[in-house]
Amino acid sequence: MSDNEIPLARPLLGEAEERGVIEVLRSGRLSLGPLLGEFERRFAARIGAPYASAVSSGTAGLHLALRAVGVSDGDEVITSPFSFVASANVIVYERATPVFVDIDPRTLTIDPAAAAAAVGPRTSALLPVHIFGWPADVEALEQIGVPIVEDACEALGAQHADGVAVGARGHPAVFAFYANKQLTTGEGGMVTLGHESEKQRIDSERNQGRAPDMDWLDHDRLGFNYRLSELACAIGLAQLDRLDDMLAARTRVAAAYGEALAGIEGLELPCPDAGGCVRGWFVYTVSLPRGCDRDETIRGLRMRGVQSKPYLPAIHLMSYYRERFGHRPGEFPVCEDVAERSLALPFHPRLSEGDVAAVAQALTAVLARA
Ligand SMILES: *Cc1c(COP(=O)(O)O)cnc(C)c1O
């Protein structure tokens, strides 16, 4: 990346994060200290969920959340093939099978009717993904009557049609804090929860299976090291203080893109908020016009100083999933069509109107040549 290229993503960090990290360093308490509980309580309150458990990544959170709802060997978990690969991988961690179903062409989230049709005797959970921050139709999925784990890793700030925040419906919902997410701790994640028993299980399993009232010598179940350090919690607390500003800035940048790109023939933009659903803006991903060469478009944008990337590839067509589960092209036509045409443009809270205009101008020029 050259210095004057417009980057895809960039975290917004400041003096509060620096001060928080230095205080932790000086305290000598680098893990399992006071900030862990504080970060969990403030995050849960922010979402409107009764409980939250902090973990070392979104992937770790999804893994523990699936275990908490009882997914195990030989089960099937119904999920979206249009996601970051982590949401399917965690199913395989528990020796269960991901059963993919196609997505809605407008929202790009799992189609509830397709999910209902895929339920079988071995189905033990549904794992909807709030992809690109759009709230998946969890209300409809609840009618199926199977435990739900929500992948909310891209959806901080999103809201369901009935006004409930994503993560506050009572199902385990997992947020991620990698550097490109709405809130970052470098690496990290958070599971919001409706039940204390789930929190106890996740808190134990993130810490090698230790029971809360036992000292470190005794472990009454299998566990992992999925702990989040105090350094990460300090960054997370400072990020929570600026979350409203960061989310508002993302919404502003998205609106600017919406205007700047509206005139490009054949280009499909992210669906606008509707029917009470509010997107928590994570990326700005467009679908290129049919027949357009995406690799050529990416090269053309790079020549004009604009980073972009295909986002996301279909999970079922990745080599591991083809070989392990025998997936083939054609199984999920909506997902495959979107995955072939989708392109993420630079998107972060400090992207200026000038940057948005430059990206729009570059994309217009590249597509006109194609
Ligand atoms: C980022 C992300 C994850 C995983 O989060 P990590 O913190 O990187 O482990 C899972 N699912 C989706 C949809 C994501 O975007």
Side-chain angles (χ1 to χ4, degrees), residues 55 58-104 108-131 136-153 169-174 191 193-195 197-198 200-202 204-206 209 221-224 226 312-336 339:
V55 286
T59 308
L62 286 165
H63 184 195
L64 296 188
L66 280 185
R67 290 172 60 89
V69 302
V71 171
S72 66
D73 300 61
D75 287 352
E76 292 180 351
V77 177
I78 296 171
T79 192
S80 171
F82 190 64
S83 174
F84 180 56
V85 68
S87 57
N89 282 348
V90 294
I91 297 167
V92 184
Y93 291 176
E94 286 303 310
R95 302 157 309 280
T97 302
V99 174
F100 298 114
V101 297
D102 215 346
I103 55 172
D104 178 276
L108 312 185
T109 58
I110 195 169
D111 173 355
V119 173
R122 285 155 62 204
T123 305
S124 62
L126 309 176
L127 203 170
V129 181
H130 305 296
I131 201 70
D137 193 352
V138 179
E139 299 97 309
L141 296 173
E142 283 164 354
Q143 306 306 312
I144 298 174
V146 171
I148 294 172
V149 168
E150 301 177 42
D151 181 340
C153 290
R169 299 201 81 81
H171 316 292
V174 184
V191 189
L193 296 155
H195 305 284
S197 58
E198 291 168 341
Q200 282 170 350
R201 176 162 180 181
I202 287 177
S204 168
E205 291 189 353
R206 77 176 168 199
R221 63 172 90 223
L222 179 67
F224 306 84
Y226 284 166
L312 296 148
I315 297 175
H316 67 287
L317 297 182
M318 292 180 173
S319 313
Y320 175 78
Y321 283 88
R322 285 191 198 222
E323 283 160 28
R324 169 90 183 254
F325 299 102
H327 289 296
R328 292 289 171 268
E331 283 181 85
F332 309 109
V334 179
C335 166
E336 290 169 29

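Any value given below was found using the heavy atoms of this structure, including those in side chains, with hydrogens, waters and symmetry copies removed.
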Mind checking what makes side chain to side chain donor-acceptor pair (under 3.5 Å) contact with [X], not counting sequence neighbours?
X      : answer
Thr123 : none
Arg67  : Glu94, Glu205
Arg122 : none

Is Glu198 close to Pro172 at the side-chain level, that is, under 4.5 Å between some pair of heavy atoms?
yes

Those residues at least two apart in sequence (or on a different chain) that pass side chain to side chain contact (heavy atoms under 4.5 Å, CB included) with Ala113 are Asp111

Mind checking side chain to side chain contact (heavy atoms under 4.5 Å, CB included) for Pro112 and listing every partner two or more places apart, or none if nothing turns up?
Asp137, Ala140, Leu141

With sequence neighbours left out, what residues match [X] under ring-ring contact (aromatic ring centres under 6.0 Å, His included)?
X      : answer
Phe84  : none
Tyr320 : none
His171 : none

Could you check whether any side-chain N or O of Asp151 sits under 3.5 Å from a backbone N or O of Ser87, counting only pairs where one atom can act as donor and the other as acceptor?
no

Quick one: list whatever passes salt bridge (Lys or Arg N to Asp or Glu O under 4.0 Å) with Arg322, sequence neighbours left out.
none

Test salt bridge (Lys or Arg N to Asp or Glu O under 4.0 Å) applied to Glu139 - qualifying residues, sequence neighbours left out:
none

Test of ring centre spacing under 6.0 Å for Tyr93 and His63:
yes

Proximity of Phe325 and His316 rings by center, below 6.0 Å:
no

Restricting to pairs with a member in residues 68-79, which pass side chain to side chain donor-acceptor pair (under 3.5 Å), not counting sequence neighbours?
Asp73-Arg95, Asp75-Ser124

Working for side-chain contact (heavy atoms from CB on, under 4.5 Å), residues Leu66 and Leu127:
CA-CA 9 Å; Leu66 280 185; Leu127 203 170; 4.1 Å; yes

Hey, what do you get for SG (Cys335) to CD1 (Ile110), rounding to the nearest 0.5 Å?
11.0 Å

Only pairs at least two apart or in different chains count here, so list each salt bridge (charged side-chain N to carboxylate O under 4.0 Å, His left out) that has a residue in residues 82-92.
none

